[in-house]
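One structure below.
In this chain, residues are counted from 1 in sequence order. These numbers come from a predicted model, not from an experiment.
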Amino acid sequence: GIQYRLIDKVTIIYEDKSIEVDALWDTGASCSCVSHDVVSTLGLISIGKRNITTPSGKETYDTFDVNVSLPNHLLCEDVIVNDSEIGDQGLGMLVGMDIISRGDFCVSNFNGKTSFTFRVPSQERTDYVLKSKVSKVMGPQHGKGNRKRKR
């Protein structure tokens, strides 16, 4: 059915180790992050720190350099991710705009089912507003709005 979170499997690679995790694709996040479990399991070594603003406030997090293999076997190399509390949501990674902006990202809700896809490199500019020739109304239509309301 309709999904309100876009989650898929990704593989995080560090040196000779890798782990497959559930990843949330988040266009509201400027950078990608990994859970404490991923940091621990892969033995990630910090390359620095980054100040991050989240809905719960500002914090400083360790950063790591990893490779990320996406579901279409696309390898994103040298992705700087930061440690986070994302594991509290049952996730191993949050895919942010640092990865999403490398290509074309599309979400559709066709026949009551949500799907999304991603490709690199970007192949065209997609603008559904320009392609649309029919004006559509979202939600139930309640007439033309020219009748008086009953009191």
Would you mind telling me which of I100, V107, I7 makes a side-chain contact (heavy atoms from CB on, under 4.5 Å) with W25? I100
Where do C33 and S84 come nearest, in terms of heavy atoms and distance? SG-OG, 3.4 Å
Side chains of R50 and T60: closer than 4.5 Å at any heavy-atom pair? no
For the CG atom of D98 and the SG atom of C31, what is their distance to the nearest 0.5 Å? 6.0 Å
To the nearest 0.5 Å, atom CD1 of I13 lies from atom CD of E20 at 11.0 Å
Cationic N near anionic O, under 4.0 Å, E59 to K49: no
Side chain proximity check, F105 to T117, heavy atoms < 4.5 angstrom: no
Test side chain to side chain contact (heavy atoms under 4.5 Å, CB included) on V34 and I12 and set out the steps. CA-CA 9 Å; V34 296; I12 303 167; 3.8 Å; yes
Which atoms form the tightest heavy-atom contact between S122 and D104, and what is the distance? OG-OD1, 2.5 Å
Flag the pair V68 / L75 as yes when at least one side-chain heavy-atom distance between them is below 4.5 Å, and no otherwise. no
How about S46 and F64: do any of their side-chain heavy atoms sit closer than 4.5 Å? yes
Here the pair of heavy atoms bringing K58 nearest to T53 is CG-OG1, 3.4 Å
If hydrophobic clusters are built by linking Ile, Leu, Val, Met, Phe, Trp and Tyr wherever their side-chain heavy atoms come under 4.5 Å apart, do I86 and L6 end up in the same one? no
Same cluster for V95 and L42 if Ile/Leu/Val/Met/Phe/Trp/Tyr side chains link at under 4.5 Å? yes
Starting from the C-alpha separation in whole Å, work towards a yes-or-no answer on side chain to side chain contact (heavy atoms under 4.5 Å, CB included) for R102 and C76. CA-CA 9 Å; R102 297 180 184 195; C76 297; 3.5 Å; yes
Have T63 and N82 got a donor and an acceptor in their side chains that come within less than 3.5 Å? no
Closest heavy-atom pair, Y61 versus D83, reported as atoms and distance to 0.1 Å, is CD2-O, 2.9 Å
Taking atom CG of D78 and atom CD1 of I47, what is their separation to the nearest 0.5 Å? 9.0 Å
Are any of the side-chain heavy atoms of V38 and V21 separated by less than 4.5 Å? yes
Assigning hydrophobic clusters by single linkage (Ile, Leu, Val, Met, Phe, Trp, Tyr; side-chain heavy-atom cutoff under 4.5 Å), is L74 placed with V81? yes
Looking at every non-hydrogen atom in both residues, tell me the closest pair between N72 and R119 and how far apart they are. ND2-CA, 4.5 Å
How about N67 and E15: do any of their side-chain heavy atoms sit closer than 4.5 Å? no
Is any side-chain heavy atom of Y14 less than 4.5 Å from a side-chain heavy atom of I45? yes
Please confirm whether the backbone N or O of F110 pairs with a side-chain atom of S108, one donor and one acceptor, at under 3.5 Å? no
For A23 versus V10, what's the shortest heavy-atom pair and its separation? CB-CG2, 3.7 Å
For the atom pair CG (L70) and OG1 (T11), what is the distance rounded to the nearest 0.5 Å? 9.0 Å
Taking C-beta and beyond as the side chain, do P71 and K9 meet within less than 4.5 Å on heavy atoms? no
Quick check for you: to the nearest 0.5 Å, what is the distance between Q89 atom CD and R5 atom CZ? 5.5 Å
Under a single-linkage definition using a 4.5 Å side-chain heavy-atom cutoff for Ile, Leu, Val, Met, Phe, Trp and Tyr, are V66 and I52 assigned to the same hydrophobic cluster? no
Hey, could you give me the OG/CE distance between S32 and M97, rounded to the nearest 0.5 Å? 10.0 Å
